[in-house]
Number of protein chains: 2
Amino acid sequence: MDIQRKYTVSCQACSLNGLCMPHSLSEKEVEIVDAALKRSKPIQRNKTVFEAGDKFSSLYTVRSGAVKTFSVDREGDEHVIGFYLPGEMFGLDAINSGHHISSAKALETTAVCEIPFNRLEELSRRIPSMQSHMYRLLSHEISEDQQLQLLLGKKTAEERIGSFLLGLSSRYRQRHLSPTSFRLPMARTDIGNYLGLAVETVSRIFTRLQKNDILKVDGKEVCILDHHRLCEIAQKEPTYEAAARR
Amino acid sequence: MDIQRKYTVSCQACSLNGLCMPHSLSEKEVEIVDAALKRSKPIQRNKTVFEAGDKFSSLYTVRSGAVKTFSVDREGDEHVIGFYLPGEMFGLDAINSGHHISSAKALETTAVCEIPFNRLEELSRRIPSMQSHMYRLLSHEISEDQQLQLLLGKKTAEERIGSFLLGLSSRYRQRHLSPTSFRLPMARTDIGNYLGLAVETVSRIFTRLQKNDILKVDGKEVCILDHHRLCEIAQKEPTYEAAARR
DNA sequence: CGCTACCTTGATTTCGGTCAAGATACGTGG
DNA sequence: CCACGTATCTTGACCGAAATCAAGGTAGCG
């Protein structure tokens, strides 16, 4: 079964705020896991959740709002690594080295849920489905990252933007928001940075897609008018097919 | 502590053939883990270990030889995802979906070690340091993948090749082989494919680096003559600094 | 020994980056 | 509520790194 499906269903059922728990947990287990979570007060736009170099102690999930992770090189240039929407977990890259190698910043007013990692390790030993879930969550991140590598290494600017928008679209659908009409929480600069493109290129492609009646763009508001043609552009089969193959 | 260090030391100590076990295991535990491993007979060059679509049941480590993982798109084009040297684990991307989404093929005569995943889950519940180790291993793969994303999205052809060679160099050092003189187990085509470059570009840059006395290339034999300048080209600090920062 | 796969080198083209200049939106304080 | 300044976004002109096209060269294998 696909982790993403599991996630949406169970998040609501268990009210575990984005920990994406399997629903095989008992009442009692849900209670235990829930007790381990720390819910933060809202984080203002541009405030950081953690910074590169910070000691690693917790994983985080987005409860509301949006987060970007990024690293800064010696020349001071920022490199956007990922965007996280409600229900998604971030900070996974820090488990290995014991400190954060990237920073995380709120793209808008955001609430996160903190999960102390030592508690998580402990719980996943006691609750087998929890351990299994964590393995799958980490594995899922690896597949996604490899997907992005393919995109960055082989695809044209238009294909990248197309894939990016379709990706967002399906993530919004998963949380029962409109997959055709949504607001981009990040700036054009961030999109370009993430996709390995200049801002100007992102802008130009947005207008081109708009001219071809595939997209309607108004600032950060995006409306996908022709999902099918967008898939063609992204060199991806329509999502329902992709889902069926799983 | 860095997972890679742990790994080299313990692999030898425990003789667990690349499972990269922590050395905190007791005699008894080592025995148990060792019993779960299946050692394969050698795999011929170009033979697959598993193929995309196969049901996922095991993770693999390379014992000797080398492996590449790749996916094939609808047009039949291959996309190289990664190269694996002795001691490295592959197949991690399959945990989530329950079937392999990429294929793995031997680049030369290769022996692998198979680790049934259900046994691994079970063991990691019983042996806390084993679970902790697996989390770090998965997290490490995520960091590496994100590093590659940066390379693919932002770096020039020369920087990519430079980083690639330095990466190989440090992986060879980890297994106590010469970090300055080694044999590339993969074809130029595979390198280009992996780095998002045309074969011609890879070839041209190899000759250019050779002309500048940074590299000596003879077919698949590579010798790094000027490690420091190669680091500059790769936009990376020399490895000893990188190691010190950890 | 010859075939095929792999590698190298050169000539030409092209996609997307860079530079430059406006336009639009946004937050702040008067 | 509006004016101002700053961020962000868009559009155009030009340029360059690497892809593509083309043609030989080399090496490993049956």
Side-chain angles (χ1 to χ4, degrees), chain A residues 44-47 68 75 77-80 105-109 151-165 183-212 215-222 233 235, chain B residues 44-47 68 75 77-80 105-109 151-165 183-212 215-222 233 235:
Chain A
Q44 290 304 307
R45 182 180 143 89
N46 284 327
K47 295 279 177 254
K68 74 168 171 185
E75 283 87 50
D77 296 328
E78 189 174 303
H79 301 282
V80 176
K105 179 181 276 191
L107 290 168
E108 55 196 49
T109 305
L151 184 143
L152 293 169
K154 312 270 159 64
K155 294 197 176 187
T156 66
E158 205 169 41
E159 289 167 346
R160 294 183 203 194
I161 301 277
S163 298
F164 176 70
L165 290 171
R183 189 182 161 76
L184 300 170
M186 71 295 281
R188 299 281 191 277
T189 323
D190 288 331
I191 299 177
N193 192 318
Y194 176 66
L195 296 176
L197 300 171
V199 208
E200 293 94 324
T201 307
V202 177
S203 190
R204 271 186 261 269
I205 287 173
F206 272 17
T207 40
R208 193 194 308 165
L209 291 174
Q210 178 150 247
K211 275 203 185 95
N212 298 344
L215 229 60
K216 196 175 160 304
V217 189
D218 177 24
K220 309 214 156 179
E221 287 302 327
V222 170
I233 284 169
Q235 300 270 62
Chain B
Q44 291 304 307
R45 183 180 142 88
N46 283 327
K47 295 279 178 254
K68 75 168 172 185
E75 285 85 52
D77 296 330
E78 189 173 302
H79 301 282
V80 176
K105 179 180 277 190
L107 291 167
E108 55 196 50
T109 305
L151 185 142
L152 293 170
K154 313 268 160 64
K155 294 197 176 185
T156 66
E158 205 169 41
E159 289 168 346
R160 294 183 203 193
I161 302 276
S163 298
F164 176 69
L165 290 172
R183 188 183 161 77
L184 300 171
M186 71 295 281
R188 299 280 191 277
T189 325
D190 287 331
I191 298 177
N193 192 319
Y194 177 65
L195 298 175
L197 300 172
V199 209
E200 293 94 324
T201 307
V202 177
S203 188
R204 271 186 260 269
I205 287 174
F206 272 17
T207 39
R208 194 194 309 166
L209 291 175
Q210 177 149 247
K211 276 203 185 98
N212 298 344
L215 228 61
K216 196 175 162 307
V217 189
D218 177 25
K220 309 213 156 179
E221 286 303 328
V222 170
I233 284 170
Q235 300 269 62

- [ ] Flag the pair A:Glu159 and A:Lys154 as a salt bridge only when some basic side-chain nitrogen lies within less than 4.0 angstrom of an acidic carboxylate oxygen.
- [x] no

Task: Nearest-Å distance for atom pair CD/P, residues A:Glu108 and D:dA7 - done: 20 Å

TODO: Give the rounded distance in Å between these two atoms: CG of B:Leu152 and C1' of D:dA18.
DONE: 15 Å

Task: First encountered from the 5' end of DNA chain D, between B:Arg45 and B:Ile205 - done: B:Ile205

Open item on the list: Between B:Arg188 and B:Glu200, does any NZ, NE, NH1 or NH2 come within less than 4.0 Å of an OD or OE carboxylate oxygen?
Closed with: no

Task: DNA chain C: 5'-proximal contact among A:Glu158 and A:Asp218 (nearest heavy atom) - done: A:Glu158

Task: Whole-Å distance separating the CG atom of A:Asn193 from the P atom of C:dT18 - done: 12 Å

Task: Spacing of A:Leu197 atom CG relative to C:dT18 atom P, expressed in whole Å - done: 11 Å

Please write out each protein N/O paired with an N/O of nucleotides 11-14 of chain D under 3.5 Å, distance rounded to 0.1 Å.
residue : atom : partner  : partner atom : Å
D:dT11  : OP2  : A:Thr207 : OG1          : 3.2
D:dG12  : N7   : A:Arg204 : NH1          : 2.9

Open item on the list: Counting only side-chain heavy atoms from C-beta out, which of C:dG17, D:dC9, C:dC7 sits nearest to A:Ala198?
Closed with: C:dG17

Open item on the list: Rounded to whole Å, how long is the line connecting atom CD1 of A:Ile161 with atom C1' of D:dT10?
Closed with: 14 Å

TODO: Scan A:Lys154 against the nucleic acid and name what it touches under 4.0 Å (heavy atoms): base, sugar-phosphate only, or nothing.
DONE: nothing

Task: Charged N-O contact under 4.0 Å between B:Lys220 and B:Glu108 - done: no

Open item on the list: If I take atom CZ in residue A:Arg188 and atom C1' in nucleotide D:dA7, what distance separates them, rounded to the nearest angstrom?
Closed with: 13 Å

Open item on the list: Between P on C:dC6 and CE on B:Met186, what's the gap in Å once rounded to a whole number?
Closed with: 14 Å

Open item on the list: For a quick test of reading the model: is some side-chain N or O of A:Thr189 closer than 4.0 Å to OP1 or OP2 of D:dT8?
Closed with: no

Open item on the list: Any base atoms under 4.0 Å from B:Gly196, or only sugar-phosphate, or nothing? Heavy atoms, all strands.
Closed with: sugar-phosphate

TODO: Kindly label the base of D:dA7 as syn or anti, based on whether its glycosidic torsion lies within 90° of 0.
DONE: syn

TODO: Give me the bend of the helix from C:dC1-D:dG30 to C:dA23-D:dT8, using the axes of the five pairs at each end, rounded to 10°.
DONE: 50°

Open item on the list: How long is the straight-line distance from CG of A:Leu184 back to CD of A:Glu221, given to the nearest 0.5 Å?
Closed with: 8.0 Å

